[in-house]
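Encoded as structure tokens, the structure appears first; notes follow it.
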Amino acid sequence: MAHLRAIVGEEGLLEDSSRAAPYECDGLAHERCRPEVVLLPRSTLEVSKCLALLHSHSIPVVPRGAGTGLTGGATPVEGGVLLGTARMRRVIEVNAKDRFARVEAGLVNIDLTRACCDEGLFYAPDPSSQAACSLGGNVANNSGGPHCFKHGNTTRHVIGLVIVMANGEVLDLSAPEVDPVGYDLVGLFVGSEGMFGIATEVTVRLTPTPEAIETLLGVFASLDDACDSVSAIIAGGWDASALEILDKLTIAAVEASVFAAGYPKDAEAVLLVEVEGSAVECHENAEGILAILADHGVLEVRRAQSERERQKLWAARKGAYGAMGRIAPDLYVSDVVVPRTKLREMVRATTDICTARGLKILNVFHAGDGNLHPNISYDRRDSDELRRVIEAGDEMARVCVEAGGTLSGEHGIGLEKLAQMKLYFSDEDLELMHTVRRAWDPSQNMNPGKLLPIRACMETRTRPVPVEASGRAGS
Amino acid sequence: MQTTPTQSAPCTDAQLVDYAASLDCVHCGLCLRTCPTYELTGRESASPRGRIHMMRSVAEGELKPDAAFIDELDLCLLCRHCESACPSGVNFAAMLEHTRARLLDSSERSWLVRRALGLGLGRVLPSPRWIAFLAGALRFLQRLGLVQLASRLPGKVGQAAAACPPVPPARERRALPRHTPALGQRRGSVSVLEGCIMPPLLGRVNRATVAVLAAAGREVHCPRGASCCGSLHAHNGDLQGARELARRLIDKHSGLLGDDGELLPIVTNSAGCSSHMKHYGALLADDADWAERAAVFGKQVFDFSEYLVRFAFDDLRPALGPLEVAQPICWDDPCHLCHGQGIRDEPRALLDALSIERVELKESESCCGSAGLYSVLRPLDSRAILAPRLAALKATGARTLVSANPGCQLQWSGGLRQTGSEVEVLHIAELLERALAHGRESGE
Ligand SMILES: Cc1cc2nc3c(=O)[nH]c(=O)nc-3n(C[C@H](O)[C@H](O)[C@H](O)COP(=O)(O)OP(=O)(O)OC[C@H]3O[C@@H](n4cnc5c(N)ncnc54)[C@H](O)[C@@H]3O)c2cc1C
Ligand code: SF4
Ligand code: SF4
């Protein structure tokens, strides 16, 4: 412990139970494990020294950014150390000419756009949690966001990384070459959920701010109509940059919150559409989409009249998850992808799965990607309700996979979808993934127990050595 | 008057927390980035979500309310920035005040701190005489150069001395007149809150407030014997004292009725006070004799810029003329104005009516670290919170900073003084008053 403290400094090591308590869980609050030690290093060098030391004692390490993950990826493991990047938030370089930025992994997503907006640039991946989540977390989960429909998820924007490997070795992949020679290790690392190593620096591509943006809000009398118009917009080849649907209950929650933006409370569903590009493209696309909305029985279309109004519409959309806290203390956010031609059926199917179990479901989702987020408001103190929530989550994943979709659009697997991995992947697939993971981290002490289901007989895990017992409440 | 600070009744750990309120948090994390103490430390236990998580854990018996727990709660500035970011509508400030009230006498705190807090809240703040006496004494020490000397000491004492605002001469510390007639045609009447630390430290702001209101045709009343609103008590856990002061204030204003027989609007030039007084209804909700009066009173409370823009803008405008002020100016949103009351556009509208060059301050809604007694109780943390704000101010190139809260004004002035900056800090009422003076001269 003294060695660790010497590396990260007095303020960088938390071991009392009060200060460790908030690190018990991420956004998946029913999975909790209080860490015995939390490390908050300030630089790549400190991360490297910490990992080297922990490696030599075979102590598992769980990386954490802002803890906004929704699948338990940052949930600590018994006997392990939690390593957070919250004290590594510097913008190292913004290169407006070559349109890239190099930042520390703990930087909050929105601060990157703030740092380059004066240069007419922005960072395109915009998870709804962008006001809080870290770039490192985005990389680890290959996060998406409303505008990733046009711009692509995180992996399309990351061009370099500095990674500290499990044994403390520093792998510098940050040379901004367009096409790396040999294997694309950066590409492989994105989406690795903290199991390959810890990213300490991220180099990302920046996107020029579009000349024109048009934001439309279509109001519908049924969720079906909203879904069908999205399918039609995509089939028609119209170039939208974001296509988001919010249902009635979600609208009610948002409109009761500080982010109220005047979404119509009596609508059954609204579709938020954005188009961007040159003024001409923007206009053409908007007109084409308006025609489709009209064909699908849109009741009313509102157009954002100012940047401020546009920002408000988006702030409301992005605050939607949190706003559901008004309904019940906990929120389970599912994340599944369905073929976009089956949007309407799958929204129905997932809704039925929840209502059949007496659960309260709200829908707000990235319709353009077919990325559904059935949200269940519940109370984790009610163990039976929690059981039904987990069951519904499993069932929703199953029907979506069966319909030709996938397990996760952007939130990752973490702990939450561990069991479901077997639905989607064969034993051989999983074995291959294990092999890749072992290549990165032979010790398998980086974020153990996440993403890859452990098969009891084949797995040879080194038993974690507990860090000195600390005064945990109740123990 | 003297209030008796709450002797927190022995309560179980679970009762320390407003458990029901803690359940409003869904753990989404959207508030993290807004929290100055999280920004400063990177510790989640120093973030709103973390604090709520700890409180909930205490209520559920999973955590002991130990010294670390109390320290993380004490580190909170109660700036309420997290509330502005929270889609779930978590009432963070109320929750924290609830717990602070029950921890007031916790044995985990040092005896000295508890005594000092008890004395400050119970005796000094509610008493204009005590305050006047202390201000006089402080000025004496400052004139002797002793405070400046103390500011060279290392650690807390030095910081506190360095942060100590210069006390102006006695003539600036005199009380407001009880009654000031409207200038020109009377278009209405208001009463103003004099405040506890305003008269000795920022009496000129109080006078500017009255002058601007009078120029807008308002007859201004200032009842005696009701100076402190009790917000500092509530923030620091003395809810009992806060209630006593609220009752006194309501009582002293009760005779001030308008032509329509309704209670006069109470105009307040301190955002921290107006934000607190608007919630008197909630503060006294359990007091059958006072609940209703308190609710009515709360509805009549207006912040200075809110009142002017909503009710007196057109009356004031003709009185405004060109003014002398170092430009560009910039506006710093006091936490209890923007987060506490949602007032953001009104002060900007007033400033823009003056036709002077105004620049926006980055993160203008972040706390400056003043936070009521915080700057006195935790001078080092308070200065650390201010540091990035000073840098942001410098980046704007502004030469005048405008605020609307005495604490912020003193905090910024102190920080700027220490860094040798020439930027002047003014209350928005002072700026408007300057425009009046010129307006009158050029009209004469
Ligand atoms: C309100 C809300 C809205 C959301 N909206 C979206 C959305 O629109 N799209 C979306 O994709 N996601 C969304 N999410 C999920 C979440 O915000 C993202 O997954 C985000 O990228 C997590 O970032 P974080 O910094 O909070 O990471 P954490 O939750 O702290 O960690 C996530 C994972 O990354 C690992 N990790 C963290 N930092 C590092 C690092 N430096 N190196 C290696 N591994 C690391 C952790 O071990 C963990 O496995 C939302 C979450 C919330 C609460
Ligand atoms: S009130 Fe301010 S300091 Fe306290 S938790 Fe909220 S944002 Fe942080
Ligand atoms: S924004 Fe609100 S609901 Fe979300 S973590 Fe913060 S306090 Fe909790």
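Side-chain atoms are counted along with the backbone in the values below, which use heavy atoms only and exclude waters and symmetry mates. Here is how names work: the chains are called A, B, and so on, in the same order as the sequence lines, proteins then strands, and each is numbered from 1.
Without hydrogens or angle criteria, B/D13 side chain to B/V58 main chain gives no donor-acceptor distance under 3.5 Å. In this structure a side-chain-to-backbone donor-acceptor pair under 3.5 Å is missing from B/D71 to B/A67. Put simply, the side chain of A/T68 never gets that close to the backbone of B/G29: no donor and acceptor are under 3.5 Å apart. In terms of modelled atom types and a separation under 3.5 Å, the side chain of B/D66 and the main chain of B/F69 share a donor-acceptor contact. One N or O on the side chain of B/R348 and one on the backbone of B/R344 form a donor-acceptor pair closer than 3.5 Å. Distance alone, capped at 3.5 Å, places no donor-acceptor pair between the B/D303 side chain and the B/S274 backbone. A donor-acceptor distance shorter than 3.5 angstrom exists from the side chain of B/Q341 to the backbone of B/H336, with no hydrogens or angles considered. With hydrogens and angles disregarded, a donor-acceptor distance shorter than 3.5 Å links the side chain of B/N405 to the backbone of B/A271.
Using a 3.5 Å distance cut-off with no hydrogens or angles, the side chains of B/Q15 and B/H98 do not pair a donor with an acceptor.
Residue B/Y374 forms a side chain to side chain contact (heavy atoms under 4.5 Å, CB included) with just one option from B/L78, B/D74, B/D381, B/N236, and that option is B/D381.
Between chain B and the residues A/G325, A/S18, A/A86, the most heavy-atom pairs under 4.5 angstrom are made by A/S18. When each of B/I52, B/V26, B/T41 is scored by its heavy-atom pairs under 4.5 Å with chain A, the top score falls to B/V26. Note on B/E72, B/R51, B/M54, B/E83: by heavy-atom pairs under 4.5 Å with chain A, the leading option is B/E72. Of the listed residues (B/C25, B/G50, B/A85, B/A68), the greatest number of heavy-atom pairs within a distance under 4.5 Å of chain A belongs to B/A68. The most heavy-atom pairs under 4.5 Å with chain A, out of B/G42, B/G89, B/S57, come from B/G42. Highest contact tally toward chain A, considering only B/R33, B/E44, B/H27, is held by B/E44 [criterion: heavy-atom pairs under 4.5 Å]. The candidate from A/A132, A/A66, A/A20 with the greatest count of non-hydrogen atom pairs under 4.5 Å with chain B is A/A66.
Near-neighbour residues of residues 386-395 of chain B relative to chain A, defined by a heavy atom under 4.5 Å from a heavy atom of that chain, are none.
Proximity to chain B (any heavy atom under 4.5 Å) is shown, for A/S377, by neither the backbone nor the side chain. In this structure, the portion of B/S84 lying under 4.5 Å from any heavy atom of chain A is its backbone and not its side chain. Only the backbone of A/A328 comes within contact range of chain B, with at least one heavy atom under 4.5 Å from a heavy atom of that chain. Residue B/L30 touches chain A through both its backbone and its side chain, counting heavy-atom pairs closer than 4.5 Å. Contacts of A/L331 with chain B are made by both backbone and side-chain atoms, with heavy-atom separations under 4.5 Å. Only the backbone of A/D26 has a heavy atom closer than 4.5 Å to any heavy atom of chain B. With a 4.5 Å cut-off on non-hydrogen atoms, A/C133 does not touch chain B at all.
In this structure, A/Y263 and A/T250 have side chains that are not in contact, with every pair of non-hydrogen atoms separated by 4.5 Å or more.
A cation-pi contact links A/R89 to B/Y38, judged by a cut-off of 6.0 Å to the six-membered ring centre and 45° from its axis.
Among residues two or more places apart in sequence or in another chain, the side-chain contact (heavy atoms from CB on, under 4.5 Å) test is passed with A/E46 by A/I7, A/V8, A/P41, A/R42, A/S43.
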